[in-house]
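One-based numbering along the sequence shown. Order of listing sets the numbers, starting from 1, for every ligand and every atom in it.
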Amino acid sequence: MKKPSLHSSPSTIPFILLSAALVALIFFVVYPNEFRLQSIVTSRCGSRPPSSVATFIETVTPKPDFRLLMGILSLPDSYERRHLMRNVYALQSNITNAQIDVRFVFCNLTKEEQRVLVAMEIVLYDDIIILDCGENMDHGKTYAYFSSLPKMLEGSNGGDRPYDYVMKVDDDTYFRLHNLAESLRKMPREDVYYGLINPCWIPQHKTNYMTGMGYLLSWDLVEWIATSELPRKNQVGPEDFQTGLWMREGGRGKKFNMEPAMYDYMEEPRTCHRHEFIPDTIAVHKLKSHLRWARTLNYFNVTAGLKPSKLYHIP
Ligand SMILES: *[C@@H]1O[C@H](CO)[C@@H](O)[C@H](O)[C@H]1NC(C)=O
Ligand SMILES: *[C@@H]1O[C@H](CO)[C@@H](O)[C@H](O)[C@H]1NC(C)=O
Ligand SMILES: *[C@@H]1O[C@H](CO)[C@@H](O)[C@H](O)[C@H]1NC(C)=O
């Protein structure tokens, strides 16, 4: 680049270079630590953090009892909620004999900043699934999710099925992974439709289905959704009701109702799906504010491991 204002005759160029080199040398001699610090920072940025932050895999035994994919339906812009949920599940990563992979699921990116900010999350955590769909509620995102998985995950577990179970979970639901895993250990591995039945006041009602707070299907049902006409032709409609309809009309999915271990955050009026916290909780739903998350996490002693320090004071 030429700077017109600088009159650089051939004789002044070596002089400028020489003085620049001299300044650099003096700087290095006087402040050697600055150079060292710079190189440490650079090398730290270049390395990836331990992947255990994102993947909740406990390899105590070579073969886990079961493998579960927990897909949390998210929106590209929900950066803050994803951050909270990563923390919440990272604190429960000590599940033994089961593999639980927590992933965030959304449709196509649409904004310029998402291409970088979402990509950055993937580089760091590798816990995001982007489906080929336009972001929607009740227009087939659930169908896109389940029906995409067999192709997306093909071969990911050698010749075996990629997962035994797949969940679809709301981003305002808190799952207690230990209790969830214990309840699944004794379940069959096929034809399972697990969750909280709605409507709860008439559980035998013929149009009942598992509420959207979070439900689980065994892998055979996911494959069935991906290959059958019935779900494909009935994608659109109230999301979770539609899943119930596929199961009912297709004559599939043995229902496992987790009441009262799955419930909504307590608020008046009390209903059959809404009650106070209980120790044997599998999931709490309707955590729509930071305060509700905090009260829920506090009940389950999630921060009990906090070490005392002079560096902070938390009343
Ligand atoms: C996992 O960690 C939590 C919190 O640190 C602890 O309360 C729980 O007992 C641990 N569970 C297992 C199975 O080790
Ligand atoms: C989603 O993005 C993919 C890849 O860019 C594109 O091929 C596809 O048409 C998009 N789908 C929708 C529904 O927007
Ligand atoms: C949380 O810790 C308290 C005090 O140790 C204990 O009494 C309570 O049972 C714990 N709650 C749960 C849900 O484990």
*Look at the side chain of Thr281 and the backbone N and O of Ile278, then say whether any donor-acceptor pair between them is shorter than 3.5 Å.*
yes
*Is the closest side-chain donor-acceptor distance between Tyr265 and Thr296 under 3.5 Å?*
no
*If you count the atoms of ligand 2 from 1 in the order shown, which ones are under 4.0 Å from a heavy atom of Gly134?*
13 (C)
*Below 4.0 angstrom from a heavy atom of Asn301, which ligand 3 atoms are there? Numbered from 1 as shown, please.*
1 (C), 2 (O), 3 (C), 8 (C), 10 (C), 11 (N), 12 (C), 14 (O)
*Got a donor-acceptor contact below 3.5 angstrom from the Asn234 side chain to the Leu230 backbone?*
yes
*asked:* Please check this pair: side chain of Arg295 against backbone of Trp293, looking for a donor-acceptor N/O pair closer than 3.5 Å.
replied: no
_Which residue and atom name correspond to the protein heavy atom nearest atom 9 (O) of ligand 2, and how close is it?_
Asp132 OD1, 4.2 Å
*asked:* Would the distance check show the side chain of Glu135 and the main-chain N or O of Cys107 forming a donor-acceptor pair, the cut-off being under 3.5 Å?
replied: yes
*Determine whether the side chain, the backbone, both or neither of Cys133 has a heavy atom under 4.0 Å from any heavy atom of ligand 2.*
backbone
*Which heavy atom of the protein is the closest neighbour of atom 12 (C) of ligand 2, given with residue, atom name and distance?*
Asn108 ND2, 3.3 Å
*To which protein heavy atom is atom 13 (C) of ligand 3 closest, and what is the distance rounded to 0.1 Å?*
Tyr299 O, 3.6 Å
*Can you find a protein heavy atom closer to atom 2 (O) of ligand 3 than 4.0 Å?*
yes
*asked:* For the backbone of Val192 and the side chain of Ser218, can you confirm whether one donor and one acceptor N or O come within less than 3.5 Å of each other?
replied: yes
